[in-house]
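Read through the structure below, which is laid out as structure tokens, and then see the notes.
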Amino acid sequence: MNTLKVELGDRSYPILIGEGLLRHPEVVRQHVVARDILVVSNTTVAPLYMESRTAALGDGRIVEAILPDGEAHKTLATVSRVLDVLVANRFGRDCTVVALGGGVVGDMAGFAAACYQRGVAYVQVPTTLLAQVDSSVGGKTGVNHPGGKNLIGAFHQPSAVLADTATLATLPVRELRAGLAEVIKYGLICDAPFFDWLEANMDRLLAAEPTALAHVVQRSCEIKAQVVGRDEREQGDRALLNLGHTFGHAVESATHYTRWLHGEAIGAGLLMAAAMSHECGLIEAAAVDRLRRLLERVGLPVKIDGVPPGLALEHMRIDKKVQSGRMRLVLLRAVGDSFVTADYSEPALQRTLSTYFG
């Protein structure tokens, strides 16, 4: 088992990464110490892990909230169901919410924890690759709105992240591939040697080789923990973690969160961000082609049909990085070198949208 730490002063917390981690009750109970515990999961994950994982929580009062699966259910109405369970069971401010599932479960459970009695503790137990490498770390919680992705939410840090890589063995192939988009992102934003490693080892990752998956979870969490420790509330460096997300979130919201998994949309968004960087004269076409080849090996989309460029732009303009009415984008100077800017060519953006949407 490896342990990392998100350094946030008195709100610092550990990230535990290991195969079979959740089979050790003493480890789980060290980080979930409340008497009253609400375990939030979904209809896909609960049948696989709920019984065994709740047994590791000890003898306290354990209540379950099982939610429908999928990004389309990441709404205020679904979070309200979690709050209803907390209220009905008269949980106090000393309770703990445990998020057992992927990114959608973690975002909603964390948001419910942020809202209930103005904030209660929660622990992330991510069971998908995407959640283990990205969404479980950093305290971003919230839900979608018909007008845009993750527009309603709060920063609320977990008290611990328990990433058991053994859960990835039950992950559907499509979910595994979607999670790899966020892994590729880390190489692009700040770690060119990691991007090189991904190119050399992608076949191992696609075969779900445990040691390869453990490595990418570890390295991704190292990068994210460092970035969040420097910039918790996304006033600076943390925005780099959104490479491809302005494009990708537009893909999701324009298709009503039903056609593409989050990671699939981000995969396409990464290529769009790279292509936009090339259109702005920042990187060579060879770098864009290199990324395209890697995304195609993973099986991620490299173009989005059925969404007109104008509609995509409309959804992009409500992105959370908009400042003073100007949309900011994360672009690349090279693989491993990214930056946030509002100083880009509008014709370059239009050319990129016309090429990759349609």
Side-chain angles (χ1 to χ4, degrees), residues 3 5-16 21-22 24-43 45-46 49-69 73-127 131 135-143 150 152-164 228 232-233:
T3 302
K5 192 173 184 181
V6 180
E7 298 284 359
L8 292 170
D10 60 2
R11 292 176 300 109
S12 298
Y13 57 92
I15 306 168
L16 280 65
L21 175 71
L22 298 178
H24 297 278
E26 71 280 4
V27 174
V28 177
R29 292 172 193 174
Q30 181 182 352
H31 298 283
V32 187
V33 298
R35 183 183 70 88
D36 291 338
I37 301 167
L38 174 64
V39 183
V40 181
S41 191
N42 66 30
T43 53
V45 174
Y49 299 115
M50 180 66 82
E51 183 176 354
S52 60
R53 281 14 177 198
T54 54
L57 293 172
D59 300 325
R61 183 165 64 127
I62 301 170
V63 178
E64 301 172 3
I66 312 299
L67 307 178
D69 190 11
H73 300 287
K74 188 176 159 183
T75 64
L76 281 173
T78 307
V79 169
S80 182
R81 291 174 54 179
V82 179
L83 296 171
D84 288 345
V85 174
L86 288 164
V87 172
N89 286 277
R90 298 183 177 276
F91 275 20
R93 192 172 279 176
D94 58 350
C95 72
T96 293
V97 175
V98 175
L100 176 65
V104 172
V105 166
D107 283 3
M108 291 196 292
F111 188 41
C115 295
Y116 187 63
Q117 298 196 6
R118 298 192 176 95
V120 300
Y122 79 110
V123 172
Q124 290 272 17
V125 184
T127 61
S135 63
S136 64
V137 178
K140 282 187 176 181
T141 74
V143 296
N150 292 334
I152 303 164
F155 287 97
H156 186 53
Q157 298 295 338
S159 54
V161 178
L162 310 179
D164 186 345
V228 172
E232 179 186 4
R233 299 182 70 87

More than 12 heavy atoms of other residues, nucleotides or ligands under 6.0 Å from CD of E26: is that the case? yes
Just wondering, do L100 and V105 contact through their side chains at under 4.5 Å, heavy atoms? no
Give me the atom names and distance for the closest heavy-atom approach of K140 to F155. CG-CE2, 3.8 Å
Can you find a pair of side-chain heavy atoms, one from E64 and one from T54, that are under 4.5 Å apart? yes
Donor-acceptor pair, side chain of S136 and main chain of A131, under 3.5 angstrom: yes
Can you confirm whether R61 sits close enough to N89 that some side-chain heavy atom of one is under 4.5 Å from a side-chain heavy atom of the other? yes
Counting C-beta onward and ignoring hydrogens, is there a side-chain heavy-atom pair between P126 and V161 closer than 4.5 Å? yes
Between the CG atom in L162 and the CG atom in L21, the distance rounded to the nearest 0.5 Å is 5.5 Å
Might you work through the side-chain contact (heavy atoms from CB on, under 4.5 Å) test for I66 and T43, ending with a clear yes or no? CA-CA 6 Å; I66 312 299; T43 53; 4.0 Å; yes
Checking V125 against D164 for the side-chain contact (heavy atoms from CB on, under 4.5 Å) test, could you report, in this order, the C-alpha distance in whole Å, the side-chain angles of both residues, the deciding distance, and whether it holds? CA-CA 8 Å; V125 184; D164 186 345; over 6 Å; no
Look only at the side chain of T78 and the backbone of H73, and say whether a donor-acceptor pair between them is shorter than 3.5 Å. yes
Using modelled atom types only, decide if a donor and an acceptor are shared between the side chain of R93 and the backbone of Q117 within a distance under 3.5 Å. yes
Which of these passes ring pair (Phe, Tyr, Trp, His ring centres under 6.0 Å) with H156: F111, Y116, Y122? Y122
Which pair of heavy atoms, one from L57 and one from V39, lies closest together, and at what distance? CD1-CG2, 3.7 Å
Could you tell me whether the side chain of Q124 and the main chain of V98 form a donor-acceptor pair under 3.5 Å? no
Run the side-chain contact (heavy atoms from CB on, under 4.5 Å) check on V104 and N42 step by step: do they pass? CA-CA 9 Å; V104 172; N42 66 30; over 6 Å; no
Exercise: identify the closest heavy-atom pair between A154 and A114: CB-CB, 4.2 Å
Spatial distance of atom NZ (K74) from atom CD1 (I152) [nearest 0.5 Å]: 11.0 Å
Can you name the nearest heavy-atom pair linking P14 to H31, along with the distance? CG-CE1, 3.6 Å
So, do D107 and N150 sit near enough that their side-chain heavy atoms are less than 4.5 Å apart? yes
When you measure from the side chain of T141 to the backbone of G153, do you find a donor-acceptor pair of N or O atoms at a distance under 3.5 Å? no
Distance in Å, R81 CZ paired with M108 CE, rounded so as to fall on 0.5 Å steps: 9.0 Å
Tell me, do S159 and V123 make a side-chain contact under 4.5 Å, heavy atoms counted? yes
Applying side-chain contact (heavy atoms from CB on, under 4.5 Å), run through Y13 and K5 and close with a yes or a no. CA-CA 6 Å; Y13 57 92; K5 192 173 184 181; over 6 Å; no
Exercise: identify the closest heavy-atom pair between A46 and S41: N-OG, 3.4 Å
Could you pull out the closest heavy-atom pair between V82 and V40, with the gap in Å? CG1-CG2, 4.0 Å
